[in-house]
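Each remark here refers to the structure printed beneath this line.
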Amino acid sequence: MRFPLSLTAGMARYIARNKLRPRPEWQQNSSAAADGSNPFRILHRSGPPDQPKKAHPMIGKRFPLVLMLEPLHACNLTCTGCGRIREYESTITQKLTLEQCLAAVDECGAPIVSVCGGEPLLYPEMGSLAARLLERNKHIYLCTNGMLIRKRLHEFKPDDRLFFNVHLDGLEETHDRCVEKKGVFRDAIEGIRAAKQVGFKVSTNTTIYQETDMAEIEALLGYLEPFKLDGHMLAPAYGYTSVDDREIFMTREDVHRKFKDIDRLARRFRVNSTPVYLDFLQGKRDLPCTAWGNPTYNTKGWKGPCYLITDGHYKTFEELMTRTPWEDYGYGNDPRCEHCMMHCGYEPSAALGINSKPGDNLRLLHWILR
Ligand code: SF4
Ligand code: SF4
């Protein structure tokens with residue numbers, strides 16, 4: 001993500017401190033002995049089973065960067081590619097209390113909290129939750145479909161650390177088709193307009209599917225230019241097993257093709273992703289998955305191993321960190337990870353400087369300043 005300068009500096013300090021002195025209680029591998037208490041299904045190991053696997057470059061240095069907080073899974077839409085409303089269908093009426101949300105935020109300690117769901121603006125205490133997170137000096141990305149922004153805007157105060165991150169998958173016709181409801185694009189645009197008019201930070205979040213026409217995405221970013229938004233996130237879709245329509249998801253090769261022209265878009269518009277993550281999406285460099293950098297908490301607990309795959313839910317953050325066999329996930333280790341290039345697994349790897357090349361720091365500095 002592209003962050004304000006204050007956050008980038010704070011994040012750099014946080015990463016340096018944790019790399020130097022990672023919290024020891026998060027570095028154990030309690031799951032090493034796979035037994036009945038280990039909820040994970042290890043489907044596949046890369047390489048011959050009798051040979052030790054290559055150690056992860058961040059082994060012994062796990063810490064979270066962004067907490068994905070899901071106070072509820074209820075939503076006012078039924079988007080075609082949404083894994084959440086399908087996976088959590090049986091618990092869709094449940095929600096976390098405000099106290100549970102704050103306890104998870106404190107337990108994990110990540111400097112950025114991405115409040116998602118479901119639709120977080122259906123969460124009755126959303127205004128109070130944002131205020132309490134700001135008191136803790138967290139940066140907040142409130143990920144919303146935008147339909148309820150105008151109705152609930154009065155519950156928030158503009159703050160440089162609070163972003164409404166609005167989901168838009170294309171121009172009006174395409175977006176309304178993706179979310180399976182007419183009028184959603186217009187509502188989201190009116191929400192964006194209202195929030196910007198009174199001084200809120202607003203960014204957008206676009207999922208790129210097999211069918212996405214990248215020329216339309218360029219047109220969308222052009223359409224949004226007059227709103228002077230505070231960044232755009234573009235990410236490839238992940239093929240959730242709970243979503244039936246397999247045709248809409250991409251292979252790694254498809255992702256490389258879709259993002260081949262992303263540097264040009266990133267020069268023209270405020271694309272949030274770091275240059276290293278964009279290299280990865282284009283197939284110019286490899287990154288290992290660091291899903292522990294983006295842990296998810298919801299009504300069932302700490303979701304492991306990642307935002308996308310659910311092999312178990314843990315009661316505590318420490319359990320998630322120590323009982324997940326992290327090295328059994330990622331490209332080449334688990335078939336479900338084969339085509340995943342999502343930011344929740346790989347943007348932390350870019351931010352942590354894994355597989356860095358000479359010149360990366362300069363590119364990063366240029367990106368921040370620009
Ligand atoms: S708005 Fe978000 S949570 Fe709701 S159905 Fe669409 S993708 Fe899922
Ligand atoms: S590669 Fe993707 S699906 Fe696999 S663990 Fe990492 S983030 Fe999750």
Side-chain angles (χ1 to χ4, degrees), residues 40-44 46 56 58 65-66 68 70-89 92 114-123 142-149 165-169 175-181 184-185 187-188 191 204-207 209 235-243 248-250 252 255 277 280-281 286-296 298 303-312 320 324-350 354:
F40 288 85
R41 291 178 293 125
I42 310 303
L43 298 181
H44 171 71
S46 60
H56 192 284
M58 290 297 285
L65 299 177
V66 180
M68 313 294 281
E70 300 175 340
L72 79 182
H73 288 123
C75 190
N76 44 359
L77 291 177
T78 52
C79 304
T80 311
C82 180
R84 279 304 182 274
I85 54 168
R86 292 170 177 87
E87 180 181 346
Y88 290 95
E89 201 177 356
I92 205 122
S114 178
V115 188
C116 32
E119 170 51 54
L121 289 178
L122 286 176
Y123 185 60
L142 200 165
C143 302
T144 172
N145 59 39
M147 294 182 76
L148 296 171
I149 292 181
N165 190 23
V166 183
H167 166 197
L168 286 177
D169 282 348
H175 184 66
D176 285 357
R177 193 174 57 246
C178 288
V179 301
E180 300 182 8
K181 191 171 178 182
V184 175
F185 182 86
D187 278 349
T204 60
N205 178 20
T206 300
T207 306
Y209 295 99
Y238 170 80
Y240 291 95
T241 46
S242 51
V243 178
I248 62 176
F249 299 114
M250 292 184 284
R252 283 201 156 211
V255 174
Y277 179 61
F280 171 67
L281 292 180
D286 199 16
L287 291 173
C289 169
T290 47
W292 38 259
N294 254 208
T296 301
N298 62 36
K303 179 180 183 300
C306 68
Y307 185 71
L308 307 164
I309 299 180
T310 311
D311 279 344
L320 170 77
T324 309
W326 297 106
E327 288 172 56
D328 291 313
Y329 295 99
Y331 180 67
N333 295 335
D334 185 316
R336 295 169 297 174
C337 301
E338 208 60 18
H339 297 294
C340 170
M341 300 186 82
M342 285 279 288
H343 49 81
C344 58
Y346 294 96
E347 186 78 277
S349 318
I354 300 174

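Counting starts at 1 for both ligands and their atoms, following the listed order. All residue numbers refer to positions in the sequence shown, counting from 1.
Rounding to the nearest 0.5 Å places NE2 of His167 at 7.5 Å from OG1 of Thr206.
Residue-and-atom listing of protein N/O/S atoms under 2.8 Å from atom 6 (Fe) of ligand 2, sorted by chain and number: Cys289 SG.
Per-residue contacts place Ile85 under 4.0 angstrom from the following atoms of ligand 1 (heavy atoms of the residue considered): 5 (S). The distance from ligand 1 to the heavy atoms of Asn145 drops below 4.0 Å at these ligand atoms: 1 (S). Here is the list of ligand 1 atoms found below 4.0 Å of a heavy atom in Cys75: 1 (S), 3 (S), 4 (Fe), 5 (S). Counting atoms of ligand 1 from 1 in the listed order, those under 4.0 Å from a heavy atom of Leu77 are 5 (S). Close approach to Gly118 involves these atoms of ligand 1, each under 4.0 Å from a residue heavy atom: 3 (S).
Between the side chains of Glu119 and Asn145, at least one donor-acceptor pair of N or O atoms lies under 3.5 Å. Remark: the Asn298 side chain and the Tyr88 side chain contain an N/O donor-acceptor pair separated by less than 3.5 Å.
For the pair Arg177 and Phe185, the cation-pi criterion (under 6.0 Å, within 45° of the ring axis) is not fulfilled.
Without hydrogens or angle criteria, Asn294 side chain to Cys306 main chain gives no donor-acceptor distance under 3.5 Å. No donor-acceptor pair closer than 3.5 Å links the side chain of His73 to the backbone N or O of Gly118. Remark: side-chain polar atoms of Asp169 are paired, donor with acceptor, to backbone N or O of Thr207 under 3.5 angstrom. In this structure, the side chain of Thr324 does not engage the main chain of Trp326 through any donor-acceptor pair within 3.5 Å.
Ranking the protein heavy atoms by distance from atom 6 (Fe) of ligand 1 puts Cys79 SG, 2.3 Å first. Regarding atom 8 (Fe) of ligand 1, its nearest protein heavy-atom neighbour is Cys82 SG, 2.3 Å. Counting only heavy atoms of the protein, atom 2 (Fe) of ligand 1 lies nearest to His167 ND1, 4.3 Å.
For Pro236, the side-chain contact (heavy atoms from CB on, under 4.5 Å) partners are Met250, Val255, Phe259, Tyr277, Leu281, Met341, not counting sequence neighbours.
Nearest heavy atoms, Tyr346 versus Cys289: CE2-N, 3.5 Å.
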